S.K.: 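Next up is a structure, given as structure tokens.
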Amino acid sequence: MEVRDLHPWPATPAEAEAIQDALRPMLDLDAPGPTSPRTVAGLDVSYAGDGGGTGTRLAAAVVVLDGTTLEVLEESVAVGTAAFPYVPGLFAFRELPALIEALRALRTVPDLLVCDGYGVAHPRRFGLACHLGVLTGLPAIGVAKTGFVGAYEPPGGRRGDASPLVDGGEVVGRVLRTRDGVKPVFVSVGHRTDLDAACRAVLALTPAYRLPETTRRADRLSRDALTA
DNA sequence: GCGACAG
DNA sequence: ATCTTGTCGC
């Protein structure tokens, strides 16, 4: 699929923040999300050794599933190196180049991107899911495993129970229980979707496990690519 | 000032 | 993210 050319690459955290600020106005946060996406892509990255600095070997994977049957339709992997040191809030710059390469190799144009991390639930309201959404032009959401920004009350204990994630006085996401009695995930909007549609998609992708089937498939694929 | 801090 | 043993539970 087509992906917009990558912007000039930042050499410092300050430059990276400036890029996020420059791209944020391109976000579409008013559009209703896809009601029943035919194809859903999961993205994930695995690292070889020390996952802290720049240059670490990594593998980025994208797996496209049928939105209804969750059958695997297409896979894509790209190996490379970490393009930026890990800095909370600038996480996207670490794996963006490899993820973009994997996306470009895709034959399918997914109806929805499910990213590992956050969307607007971010210090500058521009997490990885927003960044990938703007570069691809596709609806995108973020699903994170642990907290980052925002306060919340523990959601009820049953699958589907949720509570708002609030930061700076605004709702930036939702803490969603995907399995009964299991630690919830953090869902936030990235681009061209609303929070309700994002959570519906996540529930549709979690018929058996805590994490979306898209994320689980991409995780396994990226890990295998690193080994081989 | 001190801690917390997506992956 | 990754490094890792044992342990509890279905």
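Labels below follow one simple rule: chain letters A, B, ... track the order of the sequence lines, proteins then strands, and each chain is numbered from 1. These values consider heavy atoms only, across backbone and side chains, with no hydrogens, waters or symmetry-generated copies. Everything numeric in this text was worked out from a predicted model, so none of it was measured.
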S.K.: Without decimals, in angstroms, what is the distance between A/Leu99 CG and B/dG7 P?
M.R.: 14 Å

S.K.: Taking 4.0 angstrom as the limit, do A/Arg220 and A/Asp224 come out as a salt bridge?
M.R.: no

S.K.: Check whether A/Phe126 and A/Tyr86 end up in the same hydrophobic cluster, where Ile, Leu, Val, Met, Phe, Trp and Tyr are linked by side-chain heavy atoms less than 4.5 Å apart.
M.R.: yes

S.K.: Atom CG of A/Leu226 and atom P of C/dT2: how far apart are they, to the nearest Å?
M.R.: 8 Å

S.K.: Determine whether A/Phe186 and A/Tyr152 satisfy the following criterion, ring pair (Phe, Tyr, Trp, His ring centres under 6.0 Å), listing intermediate values before the conclusion.
M.R.: CA-CA 10 Å; A/Phe186 300 75; A/Tyr152 61 94; 5.4 Å; yes

S.K.: For A/Tyr209, does the six-membered ring have the charged nitrogen or CZ of A/Arg216 within the cation-pi criterion, i.e. under 6.0 angstrom from the centroid and within 45° of the normal?
M.R.: yes

S.K.: Considering just the side-chain nitrogens and oxygens of A/Ser46, establish if one lies under 4.0 Å of OP1 or OP2 belonging to C/dT2.
M.R.: yes

S.K.: Is the distance between the ring centroids of A/His131 and A/His122 under 6.0 Å?
M.R.: no

S.K.: Using a 6.0 Å cut-off, check whether atom CZ of A/Arg38 has over 12 heavy atoms from anything other than its own residue.
M.R.: no

S.K.: Would you find more than 12 non-hydrogen atoms of other residues, nucleotides or ligands less than 6.0 Å from A/Arg125 atom CZ?
M.R.: yes

S.K.: Describe, in one word, how the ring planes of A/Phe84 and A/Trp9 are oriented to each other, choosing from parallel (under 30°), tilted (30 to 60°) and perpendicular (over 60°).
M.R.: perpendicular

S.K.: Please give the stem ranges for DNA chain C, sorted by first residue number, where a stem is three or more consecutive Watson-Crick or G-U pairs and both donor-acceptor distances are under 3.5 Å.
M.R.: none

S.K.: Between the protein and nucleotides 4-6 of chain B, which nitrogen or oxygen pairs come in under 3.5 angstrom?
M.R.:
from, atom 1, to, atom 2, distance (Å)
B/dA6, OP2, A/Tyr86, OH, 2.4
B/dA6, N7, A/Gly89, N, 3.3
B/dA6, N6, A/Gly89, O, 3.2
B/dA6, N6, A/Phe91, N, 3.4
B/dA6, N6, A/His122, NE2, 3.3
B/dA6, N1, A/Leu128, N, 3.3
B/dA6, N3, A/Tyr118, N, 3.1

